[in-house]
Enquirer: 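Please find one structure pasted underneath; my questions will follow.
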Amino acid sequence: MKPKERLAIPRQKANELDIAYRITNFEEVTAGFDEDTAIREANRCLQCKKPTCREGCPIGNNIPGFIEKLREGKFEEGYWIIRQTSSLPAVCSRVCPHEFQCEGSCVRGKKGEPVAIGMLERFLVDWMVRSNRNMAMPCALPKNKKVAIIGSGPAGMTTAYHLAHEGYPCTIFESLPLFGGMLAVGIPPYRLPRNIINAEFDALKNCGVTVENNITIGKDITIPQLKDEKDFSAVFVSVGAHNSRKLGIEGEDLQGVMHGVDYLRRVCLGEKMNLGSKVVVVGGGNVAIDVARTALRTGSKDVFILYRRTKQEMPAAMAEIHHLEEEGVHVEFLAAPVKIHGANGRLTKIECQRMQLGDCDASGRCRPVVVEGSNFMIEADAIIAAVSQNIDHTADRSLEVATTKWGTYAVDPLTLQTSVPWIFAGGDAVLGPQTAAKAVYQGKVAAESIKRYLEGTDLHAGRMVRECESS
Ligand code: SF4
């Protein structure tokens, strides 16, 4: 199988990104399109009769529809077109890897640059926030069956949003003191400003959704108690994937070794972290990049990333890699850690091996193979492993809910119903670490299933799974 090709950001696009993502300071990096740039970009859209961009969008947003309104200067109308399908446009427009989704499917991209769909969506949302427009949709009259939602991340927020608009009172239980789950403690504010999460939160509260922070389901109250004692008729589990996966190498318990989402959580919760001057981050996804850029912002001078494949295979979004390089973070490609060395209980250096690319799988992703006898050392003050995350099962430990071999919840792919009929699950808790847009899509699916469950109608009738959201 031929290796999968990944194009570099074309020069013109890179120039536009440099303007749009102008670095003003380390607090807020992304500047967004101004009105003229947005309208100019919107005019590049061909208004295709069969818009492939829409097929690439996990939520199925009407992309040509909102772009058409934008180029006519009808910004509020454009926003409401997005809102018909998306519960979290402010978030998705900022953190989705558009190049793998809508922009990756745009016909314009076949012979040049795709339309900058994410930036156009973001322009409309920012315009609404800046203009103080009402972003909440009208809600139905309250019904008498209520729903408990565990976790306030994108899947939980979306399920609450859609059920609340149907009139079902929802309570979101969040173990953290903040709202937003992984959005709030896994994505740094320079990439997703907190006023944006709060704008989405306000739209939820306007519809009667309540949030109870600092409640850990499975510790403070169990899922069966929610049903039997608190009278919730259905439960949606959207606990995210907050447990860091370990490297599994010797020395990982030494002081100075941390894991990606734990580090980001501590920083996002306000803890002052000093990692020292030289920081090595292990991984090639968006979490690794967020960790590296956050380390720069918390005072580290020499930050670099170890990644065992090449830039072509990095799962991180291209724009994020671009900003990483722009900020001076070096990526050591084709290198993998094998052992962490230390003295007096504290790490001193990391031993690595050179890799080369071997056979490629059906998707074109090539397997890294060790180059024998290539070991080398890197001195470090801190090492942060950002190689993936697992699901925390505290919530369901008092009852038996079926899980997969990966530790995610086993659900009916069409309805997201678990092995316990009144419990549904979605987002990273089902997919593993994934994009916000996929979590939003699953939130929508779960809301429809829970509504049918509460109304006693067929959960399956007239529904189908969209390919791009099922894995
Ligand atoms: Fe516009 Fe690209 Fe979508 Fe066509 S595929 S409608 S050009 S955004």
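Predicted, not measured: the structure shown is a model, and the values here were computed from it.
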Enquirer: Going by heavy atoms in the side chains, are Val125 and Met128 under 4.5 Å from each other?
Expert: no
Enquirer: Output yes when Arg367 and Glu313 qualify as a salt bridge under the 4.0 Å nitrogen-oxygen rule, no when they do not.
Expert: no
Enquirer: Among all residues two or more places apart in sequence or in another chain, which pass the side-chain contact (heavy atoms from CB on, under 4.5 Å) test with Ile39?
Expert: Glu35, Asn43, Leu70, Phe75
Enquirer: List the residues meeting side-chain contact (heavy atoms from CB on, under 4.5 Å) with Leu192, not counting sequence neighbours, and say none if there are none.
Expert: Val91, Arg94, Val95, Leu183, Ile187, Arg194, Ile196, Ile197
Enquirer: Output yes when Arg308 and Glu332 qualify as a salt bridge under the 4.0 Å nitrogen-oxygen rule, no when they do not.
Expert: no
Enquirer: How many angstroms lie between atom OH of Tyr161 and atom OG of Ser86, to the nearest 0.5 angstrom?
Expert: 8.0 Å
Enquirer: Can you establish whether the number of heavy atoms outside Glu250 located under 6.0 Å from its atom CD is more than 12?
Expert: no
Enquirer: Please report the C-alpha distance between Glu200 and Lys205 in whole Å, then the side-chain angles of each, then the deciding distance to 0.1 Å, and finally whether the salt bridge (charged side-chain N to carboxylate O under 4.0 Å, His left out) criterion is met.
Expert: CA-CA 9 Å; Glu200 304 282 24; Lys205 280 195 295 191; over 6 Å; no
Enquirer: Counting only N and O atoms by type, is there a donor-acceptor contact under 3.5 Å from the side chain of Thr408 to the main-chain atoms of Thr404?
Expert: no
Enquirer: Any luck finding a side-chain donor-acceptor pair between Thr171 and Thr210 under 3.5 Å?
Expert: yes
Enquirer: Listed by chain and number, what are the disulfide bond (SG atoms under 2.5 Å apart) partners of Cys207, not counting sequence neighbours?
Expert: Cys139
Enquirer: For a 4.5 angstrom cut-off between non-hydrogen side-chain atoms, does Thr216 reach Thr394?
Expert: yes
Enquirer: Quick one: do the Tyr263 and Thr298 side chains pair a donor with an acceptor below 3.5 Å?
Expert: yes
Enquirer: Quick one about Glu325 and His323 (side-chain donor to acceptor, distance below 3.5 Å, no hydrogens or angles considered), yes or no?
Expert: no
Enquirer: With side-chain hydrogen bond (donor to acceptor under 3.5 Å, both in side chains) as the criterion, how do Thr85 and Asn61 come out once you've worked through the C-alpha distance, each side chain's angles and the decisive distance to 0.1 Å?
Expert: CA-CA 6 Å; Thr85 43; Asn61 280 342; 2.6 Å; yes
Enquirer: Given side chains that start at C-beta, do those of Pro368 and Tyr307 come closer than 4.5 Å, heavy atoms only?
Expert: no
Enquirer: Give a yes or no answer on whether the side chain of Arg83 reaches the backbone of Ser87 with a donor-acceptor pair at less than 3.5 Å.
Expert: yes
Enquirer: One thing to verify: whether Arg265 and Glu271 come together as a salt bridge, which I'm taking to mean a side-chain N less than 4.0 angstrom from a carboxylate O.
Expert: no
Enquirer: Residues two or more places apart in sequence or in another chain: which of them pass side-chain contact (heavy atoms from CB on, under 4.5 Å) with Gln84?
Expert: none
Enquirer: Would you indicate whether the side-chain heavy atoms of Phe333 and Met314 approach each other to under 4.5 Å?
Expert: yes
Enquirer: Without swapping roles, check the side chain of His259 against the backbone of Leu247 for a donor-acceptor pair under 3.5 Å.
Expert: no
Enquirer: Could you tell me the separation between the OG atom of Ser238 and the CE atom of Met157, rounded to the nearest 0.5 Å?
Expert: 11.0 Å
Enquirer: Would you check if there is a donor-acceptor pair between the side chains of Ser277 and Asp302 at a distance under 3.5 Å?
Expert: no
Enquirer: Does Phe33 have its ring centroid less than 6.0 Å away from the ring centroid of Phe123?
Expert: no
Enquirer: For residues 341-350, which side-chain N or O atoms pair as donor and acceptor with protein atoms under 3.5 Å away, sequence neighbours left out?
Expert:
from   : atom 1 : to     : atom 2 : distance (Å)
His341 : NE2    : Glu351 : OE1    : 2.7
Arg346 : NH2    : Asp381 : O      : 2.8
Thr348 : OG1    : His341 : O      : 3.2

Enquirer: Looking at Tyr190, is Arg293 sitting on its ring face, NZ or CZ under 6.0 Å from the six-membered ring centre and within 45 degrees of the normal?
Expert: no
Enquirer: Without hydrogens or angle criteria, can the side chains of His98 and Glu121 be said to hold a donor-acceptor pair below 3.5 Å?
Expert: no
Enquirer: Go through the structure and list residues passing side-chain contact (heavy atoms from CB on, under 4.5 Å) with Pro64, not counting sequence neighbours.
Expert: Gln47, Pro51, Cys53, Asn62
